[in-house]
Amino acid sequence: MLDPKWVREHPDEVKEAGRKKRMECDQVVDRFLEVDEALRALLPEVESMRARQKSLGREMGSATPDQREALLREQKESKKRIQELGVRERELKQEREDLLLHLPNIPAPEVPEGADDNDNVELRRVGEIRDFGFSPKDHITLGERLGILDFKRAAEMAGTRNYFLKGKAVLLEEAVLRFALDHLIQKGFEPMTVPLLVRDFAMVGTAYFPGGEEQAYRCEKDELNLIGTGEVPLTSYHQGEILALKDLPVRLVARSVCFRREAGTYGKDTKGLYRVHQFQKVEQVILDVADPELSIQRHLEITSNSEELLQAMGLPYRVVNVCGGDLGQPQIQKFDIETWMPSREGYGETHSASRFHDFQTRRLKIRYKDEEGKTRYCYSLNNTVIASPRILIAILENYQEEDGSVTIPEVLRPYCGFDRIERQ
RNA sequence: GGAGGGAUGGCAGAGUGGCCGAAUGCGCCGGAUUUGAAAUCCGGUUUGUCGCAAGGCAACGGGGGUUCGAAUCCCCCUCCCUCCGCCA
């Protein structure tokens with residue numbers, strides 16, 4: 001959420017942000033200005049009336065019976081008026097809040113112009129793309145032949161975009177996740193196990209709601225939502241708190257299951273492990289002081305944390321600077337890491353590193369006291385550390401052998417307990 | 001699922017109808033003292049809004065009610081806690 005004061009003073013910049021993000025918001029901004037102005041015109045009026053009401057009550061004690069009569073009459077009259085204005089005040093506050101929740105965060109100047117992911121700007125490519133010397137198979141063929149993936153039974157049981165991992169695929173997944181978790185712990189991140197079902201405020205606070213309701217599974221009976229990412233509980237962890245300066249930055253990492261309805265993606269990536277309803281993810285979150293320059297540094301930090309893992313596993317990848325049109329509502333800037341997937345003959349998104357400034361923390365009321373003792377909103381950031389089974393696509397396909405077996409990347413072997421997967 | 005208790009400033013915690021935007025303690029910030037530190041003392045330490053400023057005003061989980069007047073009494077909602085039951 002943007003600072004209402006800032007929006008008041010920079011409406012054109014907000015509209016420009018909407019344009020750059022391809023989420024036009026001119027009307028919302030204009031309506032905000034109206035409501036905001038109406039509210040600020042109303043407040044002094046209500047407040048002075050309430051003050052008058054109070055002081056009349058105080059005078060009552062020392063008043064003569066005649067005066068008392070007059071005071072009473074005045075109070076009776078203004079009481080009705082105060083109530084009416086109070087209702088109006090609440091309506092305006094509510095509407096202003098709703099409008100604010102729909103405004104986009106301001107993209108950084110470094111965010112490239114563009115309409116969709118085709119316009120993302122490649123920052124770097126890392127790693128050699130392997131020349132197989134035979135025609136490589138996709139992970140579905142590989143996995144089914146190795147007996148470690150089963151899509152058919154999963155679809156029967158749970159619908160499309162579901163899967164069973166079996167045998168060594170299970171252990172490989174565990175290995176990758178644990179390797180990723182260990183890497184982040186070693187970087188000073190505190191590991192957490194988090195709630196997967198959360199209240200609405202956490203979804204709103206992290207800016208998935210309003211707007212993302214269709215992508216989330218909801219348990220209506222209990223008014224809880226299944227998280228689509230560990231970012232939600234991690235970022236919300238300190239909700240409502242005022243942190244001490246000495247406790248910043250807060251670095252958290254969690255492994256969690258993630259659930260996504262994938263509504264509106266029919267026909268897109270329908271096969272295999274790429275786009276599924278349920279997956280596991282290790283996620284990193286940083287909360288730090290409100291300093292844009294430092295936030296850029298943190299952004300690089302969380303990006304390279306993840307790049308290091310891909311490098312260690314020997315997976316080729318590229319990093320792209322996500323363009324305005326491909327950016328979500330809450331981000332200031334986003335880097336996607338895309339890992340090479342032979343079956344796609346291209347890079348597939350495996351990581352997404354975002355910085356938000358105080359867009360989330362303002363909603364979540366996560367603050368800290370700065371050097372001068374002033375209370376300010378923290379800045380938040382997050383990035384995927386590893387997401388599985390999507391990363392398994394890259395591992396299985398890049399490390400396949402001509403006979404259909406798969407070699408395990410060296411760094412994962414101690415975690416797996418085996419060095420290859422072959423047909424049983 | 002049943003019964004009860006609670007929500008006040010960064011934290012703890014007083015306040016049960018006007019004298020309360022709010023005691024006290026702790027923490028934090030600034031200053032004094034000190035060779036330095038500890039201790040001690042003094043001052044400051046929520047947000048919004050109006051105002052150039054000084055300063056004013058409003059807000060005690062949220063909403064409604066009673067009252068001339070509500071942090072305080074009543075009702076509803078939300079959240080938290082305790083006990084019992086059930087349970088991995």
Side-chain angles (χ1 to χ4, degrees), chain A residues 1-9 32-101 193-205 209 218-225 232-233 236-248 250 257 287 289-290 358 361-378:
Chain A
M1 190 160 77
L2 294 169
D3 180 355
K5 250 185 254 172
W6 192 88
V7 177
R8 186 185 302 152
E9 287 156 14
F32 170 86
L33 293 175
E34 279 173 36
V35 172
D36 183 60
E37 201 184 322
L39 180 62
R40 290 192 310 136
L42 183 69
L43 277 176
E45 194 187 343
V46 200
E47 285 174 0
S48 71
M49 285 187 80
R50 282 204 263 254
R52 175 73 181 148
Q53 197 79 340
K54 258 194 183 174
S55 70
L56 285 179
R58 268 193 289 267
E59 284 174 35
M60 200 69 68
S62 57
T64 67
D66 275 2
Q67 290 171 321
R68 201 168 294 205
E69 198 64 20
L71 291 175
L72 271 172
R73 213 171 317 115
E74 187 181 343
Q75 280 194 317
K76 277 249 160 73
E77 271 167 35
S78 63
K79 184 179 179 174
K80 244 182 113 183
R81 182 78 185 129
I82 289 174
Q83 283 183 332
E84 285 165 14
L85 293 178
V87 170
R88 181 86 183 118
E89 179 191 350
R90 234 168 300 117
E91 287 169 355
L92 288 171
K93 277 185 172 162
Q94 182 61 53
E95 186 178 357
R96 193 174 79 148
E97 180 80 6
D98 288 345
L99 291 164
L100 231 32
L101 286 176
T193 297
V194 299
L196 306 181
L197 281 164
V198 301
R199 295 211 167 102
D200 286 341
F201 84 79
M203 299 299 285
V204 174
F209 292 176
R218 179 165 174 86
C219 303
E220 200 48 61
K221 217 185 256 180
D222 299 293
E223 298 186 297
L224 293 169
N225 310 284
V232 174
S236 306
Y237 182 68
H238 286 295
Q239 172 261 137
E241 296 180 28
I242 298 184
L243 302 164
L245 199 51
K246 66 174 165 52
D247 294 329
L248 295 174
V250 170
V257 186
L287 298 176
V289 298
D358 57 5
T361 55
R362 185 179 296 275
R363 294 176 174 209
L364 290 166
K365 299 191 171 40
I366 303 174
R367 293 168 290 176
Y368 69 100
K369 296 261 191 203
D370 70 9
E371 299 83 352
E372 280 117 45
K374 198 170 152 42
T375 309
R376 314 186 61 169
Y377 289 102
C378 293

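Proteins get letters first, then strands, A, B, ... in listed order; numbering begins at 1 in each.
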Checking base pairs now: Watson-Crick or wobble, both atom distances under 3.5 Å. What partners [N]?
| N | answer |
| --- | --- |
| B/C79 | B/G6 |
| B/A37 | none |
| B/G21 | none |
| B/C87 | none |

Judged by atom type as modelled, is there a donor-acceptor pair below 3.5 Å linking the side chain of A/Ser236 to the main-chain atoms of A/Pro233?
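Such a contact is absent between A/Ser236 side chain and A/Pro233 backbone.
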
For A/Leu287 and A/His238 the tightest heavy-atom approach is CD1-CD2, 4.0 Å

Note: A/Val204 and A/Arg363 closest approach over all heavy atoms is O-NH1, 2.7 Å

Rounded off to whole Å, could you give me the [atom1]-to-[atom2] distance for the [X] and [N] pair?
| X | N | atom1 | atom2 | result |
| --- | --- | --- | --- | --- |
| A/Leu245 | B/G10 | CG | C1' | 13 Å |
| A/Lys369 | B/U45 | NZ | C1' | 6 Å |
| A/Phe201 | B/G61 | CZ | C1' | 14 Å |
| A/Asp3 | B/U47 | CG | P | 13 Å |

Does A/Arg90 put a side-chain nitrogen or oxygen below 4.0 Å from OP1 or OP2 of B/G64?
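So the side-chain polar atoms of A/Arg90 do come within 4.0 Å of the phosphate oxygens OP1 or OP2 of B/G64, strictly under.
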
Rounded to the nearest 0.5 Å, what separates atom CD in A/Glu97 from atom CZ in A/Phe32?
10.0 Å

Rounded distance [0.5 Å steps], CD in A/Glu47 versus CG in A/Leu42:
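CG of A/Leu42 is found 9.0 Å from CD of A/Glu47.
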
Atom pairs under 3.5 Å, N or O on each side, protein against nucleotides 50-56 of chain B: can you list them with distances?
from  : atom 1 : to      : atom 2 : distance (Å)
B/C50 : OP1    : A/Arg40 : NH1    : 2.6

If you find the nucleotide of RNA chain B closest to A/Glu223 and the one closest to A/Thr375, which residue's nucleotide is nearer the 5' end?
A/Thr375

Return the 5'-most residue of the pair A/Gly240, A/Lys93 with respect to RNA chain B, ranking by each residue's nearest nucleotide.
A/Gly240

Nearest-Å distance once atom [atom1] is located in both [N] and [M]:
| N | M | atom1 | value |
| --- | --- | --- | --- |
| B/C19 | B/A71 | C1' | 15 Å |
| B/C75 | B/A70 | C1' | 15 Å |
| B/G25 | B/G15 | C1' | 16 Å |

Mind checking A/Lys5 for me? I need base, sugar-phosphate or nothing, with any heavy atom below 4.0 Å counting as a touch.
sugar-phosphate

Would you indicate which nucleotide in B/U45, B/U49, B/U47 comes nearest to any side-chain atom of A/Leu43?
B/U49

Can you establish whether the number of heavy atoms outside A/Arg88 located under 6.0 Å from its atom CZ is more than 12?
no

Just wondering, are more than 12 heavy atoms of other shown residues or ligands nearer than 6.0 Å to OH in A/Tyr377?
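Atom OH in A/Tyr377 is packed in, count exceeds 12.
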
